[in-house]
Amino acid sequence: QMMAKEEMFQLVATIVLVVVLIGANAGLDGAVTKISTITEFSQDQSQPGQTALTMQQAAIGSIDVTLTNMTNAINNIVIADKSISVEGSKASSCSVLQIGFTVSGCGGFSMLGTPLSMAGGIAGFAIGELGAMKRLIGLTEAFALTLILPLGILLRTFKLTRGAGGLLIAIALSLHIMLPAGVIFND
């Protein structure tokens, strides 16, 4: 009888978890819908002119804006690097018969190579990280509530796998709510 009461308590706890998840998800999606009419980051980039209806769409819109800015930044670094390389390779020389240019590997601009290389590396790393985060949000949008959460609920119903089920529920909640919310709040 005591084990039956414990199992009934666990069933009620699981039902409460599911209701809280559905309510929190709907509430946060509603808040994002209201915010998306005000801010530019929550525009759905896959459909221009459409506002984001979910946190995941708003987070992907935010990442798309940041990706565009980082791509522009790396393009500016490339342009600056090319122009500095051209200017750094020039050196003037004079002789009795002529004035002209010669190529010099030790021009005054040679000290800018390392900072430009570091800036390009950082911008490239940021673009890669943003692309990975966008892909992760897309995967969680597809699988967090349809695969991981039901599997966690199923495992949570059995006494032996209750811990693993709780872990999968926590992972699904984190991926579905906390990851896009973190991107939105960071923006």
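For clarity, every value in this text was computed on a predicted model and none was experimentally measured.
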- Query: Does a side-chain heavy-atom distance below 4.5 Å link Val183 with Met133?
  - Reply: yes

- Linking I/L/V/M/F/W/Y whenever any side-chain heavy atoms sit under 4.5 Å apart, do Val12 and Val20 land together? yes

- Task: Would you mind listing every salt bridge (Lys or Arg N to Asp or Glu O under 4.0 Å) that reaches into residues 161-182, with sequence neighbours excluded?
- Result: Glu7-Arg162

- Item | For Leu151, the rest of its hydrophobic cluster, which grows through side-chain links under 4.5 angstrom | Ile148, Leu155, Leu167, Leu168, Ile171, Leu175

- Item | Interatomic distance, Leu130 atom CG to Arg135 atom CZ [nearest 0.5 angstrom] | 14.0 Å

- Item | Val19: partners by side-chain contact (heavy atoms from CB on, under 4.5 Å), with sequence neighbours left out | Ile15

- Item | Residue list, side-chain contact (heavy atoms from CB on, under 4.5 Å) with Ile77, at least two apart or on another chain | Leu116, Ala119, Ala123

- Query: So, for Gly124 and Ile74, which heavy atoms are closest and what is the spacing to 0.1 Å?
  - Reply: N-CD1, 3.8 Å

- In Å and rounded to the nearest 0.5 Å, what is the CD to NZ distance from Glu129 to Lys134? 15.0 Å

- Hydrophobic clusters join Ile, Leu, Val, Met, Phe, Trp and Tyr when side-chain heavy atoms are under 4.5 Å apart, directly or via other members; which others share one with Leu154? Phe158

- Message: Suppose the criterion is side-chain hydrogen bond (donor to acceptor under 3.5 Å, both in side chains): which pairs have a residue in residues 173-182, not counting sequence neighbours?
- Response: Asn25-His176, Gln56-His176

- Among pairs that include at least one residue of residues 145-161, which meet salt bridge (Lys or Arg N to Asp or Glu O under 4.0 Å), considering only residues two or more places apart or in two chains? none

- Query: Quick one: side-chain contact (heavy atoms from CB on, under 4.5 Å) partners of Ala170, sequence neighbours excluded?
  - Reply: none

- Locate the shortest heavy-atom distance separating Ile184 from Ala58; write the atom from each residue and the value. CD1-CB, 3.8 Å

- Task: Any side-chain hydrogen bond (donor to acceptor under 3.5 Å, both in side chains) involving residues 66-77? Give me the pairs, sequence neighbours left out, ordered by first then second residue.
- Result: none

Pairs under 3.5 angstrom only: tabulate donor-acceptor contacts from the side chains of residues 140-147 to other protein residues two or more places apart or in another chain.
{"unit_1": "Thr140", "atom_1": "OG1", "unit_2": "Leu136", "atom_2": "O", "d": "3.3"}
{"unit_1": "Thr140", "atom_1": "OG1", "unit_2": "Ile137", "atom_2": "O", "d": "2.9"}
{"unit_1": "Thr146", "atom_1": "OG1", "unit_2": "Ala142", "atom_2": "O", "d": "2.6"}

